[in-house]
Novice: 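My structure is below; once you've seen it, I'll send some questions.
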There are 2 protein chains.
Amino acid sequence: MLKISELAALTGLSAHTIRFYEKHGLIEASKRSDSGYRYYSDADVKRAEFVKSARNIGFSLDDIGVLLSIRLDKQSHSCQEVTDITQNKLDEVNERLSELQAMQQTLERLLESCCGGPENATHCSIIEALDGGDVTVTRRAS
Amino acid sequence: MLKISELAALTGLSAHTIRFYEKHGLIEASKRSDSGYRYYSDADVKRAEFVKSARNIGFSLDDIGVLLSIRLDKQSHSCQEVTDITQNKLDEVNERLSELQAMQQTLERLLESCCGGPENATHCSIIEALDGGDVTVTRRAS
DNA sequence: TATAAACTTAGAGTTAACTCTAAGGTCAAC
DNA sequence: GTTGACCTTAGAGTTAACTCTAAGTTTATA
């Protein structure tokens with residue numbers, strides 16, 4: 001059984017974050033000492049690692065909550081439930097990717113257009129572009 | 001001279017957002033009626049449009065504040081100051097892009113590996129992958 | 001003139017995921 | 001037996017950029 005700092009070292013999460021995840025139902029200590037210290041079993045560690053993996057991929061804590069409930073009772077859930085969550089996350093990621101790619105293109109174009117030198121900015125083409133409003137249409141996050 | 005709702009209609013910003021930007025020093029109404037109503041001149045409109053353009057590209061309100069101060073006194077600022085801000089933003093965007101691309105790849109790989117059908121999740125390869133921790137290393141936003 | 005639409009302000013609420021603080025209890029080492 | 005590291009809790013603070021509310025004033029319309 002690991003203490004919270006040991007679980008933290010193992011997972012790379014901070015003890016603060018582990019407690020925060022516990023408050024949100026993601027991680028649990030299957031034992032507490034008489035004095036209230038959390039003690040984590042092997043199964044608890046696996047669960048924490050699952051959370052960490054899912055977090056790395058970009059799943060929200062809410063998503064992870066659902067994934068954990070599926071993991072806990074696989075019989076009662078279908079693969080489709082899992083792929084639905086995954087596909088939704090992928091859609092989100094793709095959406096954000098195209099926003100960022102549009103920004104990237106605009107920024108690159110602006111940088112190419114400007115001398116970037118010590119000259120004063122009286123005729124700075126970046127400032128002018130922003131003034132003219134003729135920047136590529138980019139979408140903001142929804 | 002435009003009233004706030006007219007500026008809102010013109011720029012696509014909400015009146016709330018325009019007041020919010022004013023509080024943060026980005027947009028100003030060069031006149032107020034006796035009763036306190038904001039009135040925007042052509043120059044105010046241009047400034048608001050500058051802010052909107054910069055926002056669309058992804059600049060933070062802080063960045064925009066700096067860009068506006070350059071725009072207001074171009075003589076005292078160099079092109080380099082402008083390209084520095086732009087380059088920093090591009091670096092940020094590129095950083096986030098590679099994070100998201102890593103997530104995208106992982107999510108796609110997971111989706112390919114899973115049947116996604118109505119079968120129960122006992123052998124779901126996505127759940128297994130998360131359990132195993134063998135997901136692509138993705139970096140979180142810093 | 002009466003009503004409704006639009007305007008004003010200060011300030012609180014939202015979101016997500018932490019991150020930190022304060023005040024105190026526990027434990028291991030010397 | 002005392003020091004210091006580690007643990008506990010509840011709850012506040014952080015970040016960015018809004019977004020909304022309440023309570024009241026002004027203006028335009030019918």
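In the text below, chain A, chain B and the rest are named by the order of the sequence lines, each starting its count at 1.
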Novice: Going by side-chain heavy atoms closer than 4.5 Å, which hydrophobic residues are tied to Leu72(A), directly or by a chain of links?
Specialist: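 Cluster partners of Leu72(A): none, it stands alone.
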
Novice: In dot-bracket, 5' to 3', how would DNA chain D read with Watson-Crick or G-U wobble pairs under 3.5 Å, [ ] for crossing ones and | for pairs to another strand?
Specialist: ||||||||||||||||||||||||||||||

Novice: Are the side chains of Tyr21(A) and Leu61(A) in contact, using a 4.5 Å heavy-atom criterion?
Specialist: yes

Novice: Salt bridge check, Glu22(B) against Arg38(B): does any charged N sit closer than 4.0 Å to a carboxylate O?
Specialist: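 Looking at Arg38(B) and Glu22(B), the cut-off is met.
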
Novice: Kindly say if Ser5(A) contacts the phosphate of dA5(D), meaning a side-chain N or O under 4.0 Å from OP1 or OP2.
Specialist: no

Novice: Checking Asp131(B) against Lys46(A) for the salt bridge (Lys or Arg N to Asp or Glu O under 4.0 Å) test, could you report, in this order, the C-alpha distance in whole Å, the side-chain angles of both residues, the deciding distance, and whether it holds?
Specialist: CA-CA 7 Å; Asp131(B) 254 325; Lys46(A) 298 264 191 244; over 6 Å; no

Novice: His16(A) or Lys3(B): which one's nearest nucleotide on DNA chain C is closer to the 5' end?
Specialist: Lys3(B)

Novice: Does NE2 in His123(A) sit with more than 12 non-hydrogen atoms of other residues, nucleotides or ligands closer than 6.0 Å?
Specialist: no

Novice: To the nearest Å, give me how far apart CG (Leu13(A)) and C1' (dC18(C)) are.
Specialist: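 For the pair Leu13(A) CG and dC18(C) C1', the rounded distance is 11 Å.
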
Novice: With distance as the sole test, does Ser78(B) use its side chain to make a donor-acceptor pair with the main-chain N or O of Glu119(A) at under 3.5 Å?
Specialist: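 No, because the side chain of Ser78(B) does not come within donor-acceptor range (under 3.5 Å) of the backbone of Glu119(A).
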
Novice: Whole angstrom is fine here: how far is it from CZ in Phe20(B) over to P in dT21(D)?
Specialist: 17 Å

Novice: Could you give the CG-to-P distance, from Asp63(A) to dA16(C), as a whole number of Å?
Specialist: 11 Å

Novice: Taking atom P of dC18(D) as reference, at what distance in whole Å does atom CG of Asp62(B) sit?
Specialist: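 Between P of dC18(D) and CG of Asp62(B): 12 Å.
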
Novice: Calculate, to the nearest 0.5 Å, the distance between atoms CG and CD1 belonging to Asp44(A) and Ile18(A) respectively.
Specialist: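 Between Asp44(A) CG and Ile18(A) CD1, I get 11.0 Å after rounding to 0.5 Å.
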
Novice: Go through residues 22-53 of chain B and report each residue with a non-hydrogen atom lying under 4.0 Å from DNA chain D, sorted by number.
Specialist: Ser35(B), Tyr37(B)

Novice: Between Arg19(B) and Lys23(B) (side chain of the first, backbone of the second, donor and acceptor by atom type, cut-off under 3.5 Å), is there such a pair?
Specialist: no

Novice: Does dC18(C) have OP1 or OP2 under 4.0 Å away from a side-chain N or O of Tyr21(A)?
Specialist: yes

Novice: Just the rounded figure in Å: distance from P of dT15(C) to CG of Leu61(A).
Specialist: 15 Å

Novice: Just how far, in rounded Å, is C1' of dA10(C) from CZ of Arg19(B)?
Specialist: 12 Å

Novice: Hey, does Ser60(B) reach any base, or is it just sugar-phosphate, or nothing, if we go heavy atoms under 4.0 Å?
Specialist: sugar-phosphate

Novice: If I take atom CD1 in residue Ile4(B) and atom C1' in nucleotide dA5(C), what distance separates them, rounded to the nearest angstrom?
Specialist: 15 Å

Novice: Kindly check if the number of other-residue, nucleotide or ligand heavy atoms within 6.0 Å of CD (Glu28(A)) is above 12?
Specialist: no

Novice: Rounded to whole angstroms, how far apart are CD1 on Ile18(A) and P on dC20(C)?
Specialist: 15 Å

